[in-house]
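Only one structure is covered here, and it is reproduced in the block below.
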Amino acid sequence: MPVAGIDVGSKLTKVVIMGENKKVLSYVVMRTGTDHKKTSEEAFEEALKKAGVAREDIKKIVATGFGKISAPFADEELTQIMAAGKGAYYVRPTTRTVIEVGAEESRAVKLDENGNVKDFALADKCAAGAGSFVDAMIRYLEVTPEEFGQLALQATRAIPMNAQCVVFAESEVVSLLHSNVPKAEISRAIHDAIADRVAAIARRLDIQDDVLLIGGLAYDIGFIDSMKRELGREVYVPEEYPPEVIPAIGAALSAL
Amino acid sequence: MGKNVDDLAQLKQFKEWFDNRHEYAKKWKKKTGGKVVGYYCTYVPEEILYAAGVLPVRILGSHEPESITRPYLHDMYCPFCHDTLAQGLEGRYDYLDGVTLAQSCLHMRQSYFSFVDRVPNIEWDYYLPFPHGVTNPYAADFAKHEFENFKAAVEDWLGVTITDRDLDRAIEVYNKNRELMTKVFEMRKADNPPITGLHAMYMVVSSQVVDKAEHNEVLEGFVEELQDVENDREIGTRLMLIGSEDYDKELFELIEYGMNYPATFVFEENCTGARYFWGLVENGDDRLMALAKRYVYRVPCPAKDWARGDFFGRRRFQFIEEVIKDYNVDAVIIAQMKFCDPHELDIPALREMLDNMGVTHLHLELDLTQPVGQFRTRVEAMIEAMGEEDLFI
Amino acid sequence: MEVKVRPFDCWDDFKNYRIEYYKNYLEAKDKGGIRWAGSAWSFDPVPAGLGEDVYPLTGEPYGATAAFFREFSVRALETIERKGAARDLCGYMRNYWGSVAMDKYLLADGTEIEPFPKPDFNFTIHICCTHAKWYHYAAELEGGVPTYAVDISVGPGYQLDDKKIEYVVRQLEDAVTWMEKVTGREYDDELLIKAVENEAKSMTLWSKICKLNQAVPAPMEEKSMFSFYVMTLLRRSDEKVVKLYEKLYDEVESRVKRGIGALTHEQFRFVTDNPPPWPFLKVYRYLEQTYGAVSVGSIYTFGLGASWIGMDEKGENWIWEPAPTPEEAGYEIHDRRSALWWTAMFNLKYRASWQHEYSHWIRKQETLQMVKDWKADAIIMHLNRGCELWNMSTLEVRDYLVKNNVPVATYEGNMADPREFDEARTFNVIDSFMQSLGIEKLA
Amino acid sequence: MVTVQESEYWRWPESIWVDESKNWQDAEVISCGIDLGSVSTQAVVMLDGELYAYANMRTGTSSAASAEKAVNAMLEKIGDMKRDDIHYIVGTGYGRVSIPFAQKTITEIACHGRGAVYVYGDKVRTVLDMGGQDLKAIKVDSRGKVINFLMNDKCAAGTGRGIEVVCDLLSIPITEAGQLSLQVDEEPEPVSTTCVVFAKSEILGLIRKGWGKERILAAFFNAVASRVVELLERVGVEPEFAITGGISKNIGVVKRIEDKLGLKALEPKYDPQLAGAIGAALFGRALYIKSKK
Ligand SMILES: Nc1ncnc2c1ncn2[C@@H]1O[C@H](COP(=O)(O)OP(=O)(O)O)[C@@H](O)[C@H]1O
Ligand SMILES: Nc1ncnc2c1ncn2[C@@H]1O[C@H](COP(=O)(O)OP(=O)(O)O)[C@@H](O)[C@H]1O
Ligand code: SF4
Ligand code: SF4
Ligand code: SF4
């Protein structure tokens with residue numbers, strides 16, 4: 001019988017339906033909004049529909065992210081660390097270091113060759129909010145998320161910017177904008193700054209290859225580029241599934 | 001028509017030393033075959049190292065944001081200590097043979113420990129206990145005792161004996177450097193000071209990273225030349241800088257060269273300014289005691305400057321008060337590294353003192369990079385508040 | 001397996017002492033006594049020579065008490081921030097300054113008293129960047145209370161030499177003369193000698209009690225230890241404190257013998273490092289109730305209040321064995337100087353928390369050895385934004401422990417600023433940690 | 001790829017206005033002030049020191065273009081005035097250095113002080129400017145000259161941007177948030193911090209706990225107000241106080257500040273978001289007269 005994994009994030013809610021053979025039958029991503037229960041309910045229904053599975057046929061539902069409080073119909077809870085670890089190992093078994101960057105939280109997880117979590121680190125408060133910072137910057141620069149990532153690749157110059165915290169960073173971005181720095185360079189500066197903060201978390205673990213980047217920000221090619229530079233090594237992103245659904249996959253796996 | 005300070009060869013030399021401090025040290029090593037020791041706090045008695053033929057260089061940062069130190073130093077430790085450690089981890093101090101720290105603030109201590117542990121080329125390290133209370137009558141005795149140990153450790157490491165003559169020579173060189181820099185600072189009392197804060201920063205910080213004897217030669221010429229300098233810049237508001245170490249070009253450039261209103265620093269009180277070199281060693285028979293007294297009685301770092309028994313003031317404040325009067329300071333900029341506890345602990349009292357003196361002041365929190373726009377607004381607004389009566393019609 | 005548990009018989013004795021303590025300080029003047037304030041690390045036996053009616057108020061425990069009463073704490077913190085105090089300064093100090101600035105004094109049960117009872121003098125030490133400045137500015141807020149700070153920056157205990165001790169002793173001698181001057185009292189060396197002996201006794205007793213917690217199941221969990229260890233910070237040179245510890249020692253010893261534990265289900269043992277987030281001690285409760293996880297000790301409670309042999313002479317290994325009392329060491333205290341010498345040496349050498357400020361290595365050994373000796377499965381570290389000293393080296397220690405195969409979890413917080421704590425995140429860390437170690441929730 | 005619909009709850013309305021009763025050709029001195037803020041841009045024209053026209057718009061990515069846009073919108077509304085007809089233009093705000101056609105720049109602190117006296121009358125002594133990036137507490141004399149000022153430290157982000165972020169998080173239009181936050185029976189405890197990042201994570205926690213939006217907003221604005229009052233008390237607040245800047249339109253914040261201070265903010269005669277630009281224009285007039293002497 002199939003199982004489900006549900007990840008209610010601060011920005012996006014993700015649901016995965018998985019068959020007994022560990023095959024992903026469907027996934028759904030939806031904006032979380034303020035009524036978490038309603039969203040998780042809706043996303044779940046839609047995922048069932050897409051997978052063509054009836055609700056009664058689901059053997060077990062495991063929730064991660066905000067957990068059961070937001071998805072009361074779930075049977076069990078899994079922490080985000082475990083979810084990220086399991087999901088990452090599933091999509092790329094050679095992964096030893098998982099770096100997840102979402103809207104509000106970032107985390108790094110170290111795995112052994114069997115996919116067990118060996119150590120983990122979370123963003124300190126002042127380093128949190130990477131994804132939503134990007135969202136705000138996209139608005140500032142009046143570009144689309146895709147353009148924002150692309151722009152960074154066109155920069156010819158790296159402008160140092162402090163990313164100690166997104167609040168500080170915002171005022172630096174404003175300063176840059178007002179001194180007529182080209183958008184490409186600003187985009188690069190922002191990406192570098194976030195990568196810098198995220199790398200700082202990952203460095204608490206002794207980073208080993210392969211490094212897999214998951215979470216919504218793994219869409220952003222500018223960010224991937226900055227991460228590679230910052231860590232001085234190859235950084236992979238999931239190929240088959242969108243990067244933000246990996247933890248939901250992890251949750252589904254633990255339901256099997 | 002007088003000369004312009006920016007054209008002086010000596011100033012260019014200071015700037016070149018400042019910008020290429022690592023290359024300088026490497027060349028020095030090649031030339032002399034001597035050892036280079038990095039020091040973490042300006043309470044290290046450099047003379048002892050110098051007497052042993054070592055080149056002491058101050059460990060400084062680069063003002064580039066980095067994440068490499070975050071696994072080792074807590075986020076709420078000051079940016080300076082992160083920045084300095086980062087330089088070590090990046091391999092920019094690969095020419096250092098040793099590193100030392102005189103007990104100072106905790107942040108620097110933590111940075112120092114990680115530096116010792118994690119920078120591979122360090123063959124010698126020394127943690128020098130130094131009195132934390134410089135208002136203590138027994139502090140000089142104790143400092144002398146620790147300096148003895150320090151000297152013995154240096155001798156042991158290098159397999160040399162530091163003779164009294166070596167010490168005398170080192171003290172002489174260092175005193176001369178102090179004297180000359182004090183002379184330059186004193187010229188800034190003039191209505192039209194020959195140098196700006198940026199120039200002063202180049203001069204003082206370069207002296208922290210090059211052979212003092214060499215620095216002295218250039219300094220002598222500088223003092224000479226400054227007599228004829230007549231800048232065409234508008235001096236504007238006479239500013240004093242108070243606070244943590246600050247060698248960020250950008251800040252000086254912004255305030256002295258980049259604002260809507262003219263303003264010039266006439267004094268920097270911090271440890272990349274006057275606190276570093278103010279006060280001579282009064283040498284005598286007991287060299288180490290003379291050194292101990294110099295370091296204990298110099299203008300103190302706020303980390304060490306506290307009430308004790310009958311002494312209730314702050315020695316540093318007394319100094320600041322004098323400078324404000326002597327240098328005709330119009331306004332004070334308190335520029336403190338973010339999270340710097342020693343300075344933060346003094347700020348409420350410092351503000352109160354300045355208020356009582358009727359001196360305008362502004363507080364800026366420094367990071368590795370600065371939000372230039374915000375700073376500009378604050379400083380300009382401070383200056384606006386001080387004048388321009390005729391705009392209110 | 002279920003473990004027998006029972007409350008501590010001497011619990012109330014400790015509680016009452018604490019209540020009395022804050023009251024005694026408050027009421028000292030009514031009876032013509034003397035009040036002094038200072039860091040809990042001050043040389044507490046020294047003012048004791050001024051008479052038997054001398055009452056201290058130590059700042060750190062006061063700050064912790066204030067923080068525990070969140071609403072009071074936030075008011076105090078906001079008051080002092082308005083005066084320009086930066087938010088990243090020592091949390092205890094800001095609570096204390098805030099109290100003084102609001103002119104409100106907090107008793108152990110949360111009662112607020114107005115005005116803040118000013119001390120006759122401040123007597124403190126200085127080791128982090130804060131201590132002396134704390135009382136310097138407090139004295140200014142109080143309108144100029146005489147203040148004396150003793151500098152103890154001599155380096156780690158295992159490198160102590162006579163001249164270093166001498167530096168501190170001379171200051172203490174000077175402080176005695178100064179105290180006579182500011183109080184107008186004659187100093188009584190007999191009282192000093194007694195106090196110095198008591199100090200050594202209470203600290204050594206506390207270290208012996210700590211050692212008893214190596215037993216499985218652990219007879220004490222850390223929340224109780226917080227209430228016990230604090231006596232060494234309030235007034236360790238008080239005869240009554242020695243008595244309390246004697247009683248506690250007997251009780252804990254008998255618990256061990258009878259197999260009485262702190263938790264019914266001891267699934268998991270861990271140690272901690274920093275002062276806890278006082279306003280959120282429920283973190284410990286959560287660990288106990290959800291996972292049967294017991295905190296068996298911390299370098300905070302052990303390192304602050306107890307006296308240990310510590311680093312061996314070569315500076316290689318840390319030894320968690322109680323330090324000797326003067327009696328055990330065969331040291332005779334017969335006059336002021338010998339008394340001052342002992343208290344100086346004893347604190348400089350055996351106070352664990354004064355050692356690891358001088359090197360990462362010491363802190364690493366100290367922590368790793370604690371994990372081993374107390375049979376802990378892991379360490380949970382508090383990245384405490386409220387104390388830059390306790391926070392020093394934490395990340396380096398984390399790195400070292402992980403390399404030595406000790407599981408480590410870290411959470412951010414502030415020991416004394418209720419505004420800097422994120423409950424959800426912290427519980428999330430705990431859950432993740434336990435899940436990754438395969439520790440199941442208790443049924 | 002998944003695309004997610006973004007609503008723009010933080011957007012507030014732009015506006016343009018002209019005093020039709022005046023004829024600009026009659027004026028001796030026509031001055032213009034432009035306040036190029038991080039979030040919004042205002043341009044005003046004053047005739048002999050009296051407000052004549054303004055435009056209030058969102059700041060775009062280019063400072064110069066934003067200034068240009070606001071001025072042009074305003075001139076267009078006036079109809080027959082050209083930029084050359086203006087005697088003196090003063091720029092202020094964050095982007096002041098990049099307004100190419102301004103003859104002079106003056107900080108927004110001086111301009112808000114000066115403008116506040118125009119907007120609120122000469123009794124005002126304490127001006128609180130609550131804008132997009134900064135909080136400023138300014139003490140002024142009867143002419144609007146700054147005596148003393150304080151800006152928020154970086155770590156106290158109880159600013160306009162913070163409010164925008166929270167509105168976005170709760171999906172509430174920013175213009176309604178203030179009113180909504182007042183619809184609580186009992187004032188909740190403030191969220192423990194005004195740092196945007198911390199507050200957000202706390203608010204997410206409250207959402208999860210099932211708090212209503214009104215209550216969350218109330219708790220958040222309560223915290224913002226505390227932070228502001230702290231700043232005000234640090235410069236020393238005097239009874240005659242006024243609030244300028246965009247957040248002055250947020251009744252939820254304003255009311256709570258008033259309650260905490262036990263004081264009522266002065267009633268504005270003009271849109272308080274214009275204070276900076278008005279101050280700039282008034283300085284422009286003075287500078288023009290000075291230059292003619
Ligand atoms: N198509 C995209 N391109 C770039 N960034 C994206 C894209 N989709 C989502 N993001 C980023 O990912 C973040 C959400 O990531 P997610 O991992 O779902 O976070 P959470 O689980 O906290 O909701 C958004 O804030 C956004 O910055
Ligand atoms: N109509 C409105 N209702 C409520 N809040 C508003 C309104 N207009 C603006 N704001 C608030 O004011 C802020 C912008 O303030 P403003 O003074 O214009 O900033 P700046 O001058 O720094 O650009 C916005 O972030 C928003 O919070
Ligand atoms: S403003 Fe930034 S640095 Fe300050 S507490 Fe908030 S996140 Fe941290
Ligand atoms: S800035 Fe302050 S905390 Fe940092 S090293 Fe200097 S004195 Fe120490
Ligand atoms: S910072 Fe820490 S060590 Fe220093 S006084 Fe505060 S609590 Fe004590």
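The analysis underlying the following values was restricted to heavy atoms, covering all of them including side chains, and did not include hydrogens, waters or symmetry mates. First the proteins, then the strands, lettered A, B, ... as listed; each starts at 1.
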>> Check the orientation of C/Trp354 and C/Trp41. Use parallel for under 30°, tilted for 30 to 60°, and perpendicular for over 60°.
In response: tilted

>> Below 4.5 Å, heavy-atom pairs only: which of C/Gln171, C/Gln159, C/Met93, C/Glu166 has the largest tally toward chain B?
In response: C/Gln171

> Which one, C/Tyr358, C/Trp361, C/Trp178, C/Tyr137, leads in non-hydrogen pairs under 4.5 Å with chain B?
Replying inline: C/Tyr358

> Is B/Lys151 atom NZ crowded by more than 12 heavy atoms from other residues, nucleotides or ligands, each under 6.0 Å away?
Replying inline: yes

> If you measure only the distance, is there a donor-acceptor pair under 3.5 Å linking the side chains of C/Glu316 and C/Tyr158?
Replying inline: no

> Looking at B/Arg308, B/Arg109, B/Glu146, B/Lys304, which one has more heavy-atom pairs under 4.5 Å with chain C than the rest?
Replying inline: B/Arg308

> What part of B/Asn136 is in contact with chain C, defined as an atom under 4.5 angstrom from a non-hydrogen atom: side chain, backbone, both or neither?
Replying inline: side chain

> Do C/Glu366 and C/Gln355 have side-chain atoms, one donor and one acceptor, less than 3.5 Å apart?
Replying inline: no

>> Would you say B/Tyr40 and B/Ser111 are linked by a side-chain donor-acceptor pair, where the criterion is simply a distance under 3.5 Å?
In response: yes

> Under a 4.5 Å heavy-atom cut-off, does chain B meet the side chain of C/Ile127, its backbone, both or neither?
Replying inline: backbone

> Do any of residues 118-126 of chain B have a heavy atom less than 4.5 Å from a heavy atom of chain C, and if so, which, in residue order?
Replying inline: B/Arg118

> Looking just at side-chain N and O atoms, do C/Glu388 and B/Tyr77 make a donor-acceptor pair shorter than 3.5 Å?
Replying inline: no

>> With a 3.5 Å distance limit and no angle check, can you tell me whether C/Asp120 reaches the backbone of C/Thr183 through a side-chain donor-acceptor pair?
In response: no

> Do C/Tyr167 and B/Tyr138 have ring centres separated by under 6.0 Å?
Replying inline: no

>> Tell me which of these, C/Ser359, C/Cys128, C/Pro146, C/Ala86, has more heavy-atom pairs under 4.5 Å with chain B than the rest.
In response: C/Ser359

>> If you count heavy-atom pairs within less than 4.5 Å of chain B, which of C/Met179, C/Lys163, C/Lys83, C/Lys181 leads?
In response: C/Lys163

> Less than 6.0 Å separating the ring centroids of C/His126 and C/Trp134?
Replying inline: no

> Under 3.5 Å, is there a donor-acceptor pair linking the side chains of C/Thr343 and C/Asn347?
Replying inline: yes

> Is it the backbone or the side chain of C/Asp399 that comes under 4.5 Å from a heavy atom of chain B, or both, or neither?
Replying inline: side chain

> So which of C/Asp174, C/Thr130, C/Val182, C/Thr394 has the biggest tally of heavy-atom pairs under 4.5 Å with chain B?
Replying inline: C/Asp174

> Between B/His361 and B/Asp355, does any side-chain donor sit less than 3.5 Å from a side-chain acceptor?
Replying inline: yes

> Does a donor on one side chain sit under 3.5 Å from an acceptor on the other, for B/Thr69 and B/His82?
Replying inline: yes

>> If you count every heavy atom of other residues, nucleotides or ligands that lies below 6.0 Å from C/Glu313 atom CD, does the total exceed 12?
In response: no

> Given a strict heavy-atom distance threshold of 4.5 Å, which part of B/Asp346 is in contact with chain C: side chain, backbone, both, or neither?
Replying inline: side chain

>> Run B/Glu245 and B/Tyr276 through side-chain hydrogen bond (donor to acceptor under 3.5 Å, both in side chains) and show every step you take.
In response: CA-CA 10 Å; B/Glu245 52 282 84; B/Tyr276 175 63; over 6 Å; no

>> With a 4.5 angstrom heavy-atom cut-off, is it the side chain or the backbone of C/Asn122 that approaches chain B, or both, or neither?
In response: neither

>> Under 4.5 Å from any heavy atom of chain C, what part of B/His145 do you find: side chain, backbone, both or neither?
In response: side chain

> What option among B/Thr135, B/Ile347, B/Leu73, B/Leu345 has the most heavy-atom pairs under 4.5 Å with chain C?
Replying inline: B/Leu345

> By a 4.5 Å heavy-atom criterion (distance strictly below it), what part of C/Val168 contacts chain B: side chain, backbone, both, or neither?
Replying inline: neither

> When you check the side-chain N and O atoms of B/Gln110 and C/Ser393, is any donor under 3.5 Å from an acceptor?
Replying inline: no

> Which of residues 311-318 of chain B have a heavy atom under 4.5 Å from any heavy atom of chain C?
Replying inline: B/Phe312, B/Gly313, B/Arg314

> Contact part of B/Pro131 toward chain C, heavy-atom cut-off under 4.5 Å: side chain, backbone, both or neither?
Replying inline: both

> More than 12 foreign heavy atoms under 6.0 Å from NZ of C/Lys118: is that the case here?
Replying inline: no

> Quick one: of B/Pro302, B/Ser104, B/Ala349, B/Pro137, who has the most non-hydrogen atom pairs under 4.5 Å with chain C?
Replying inline: B/Pro302

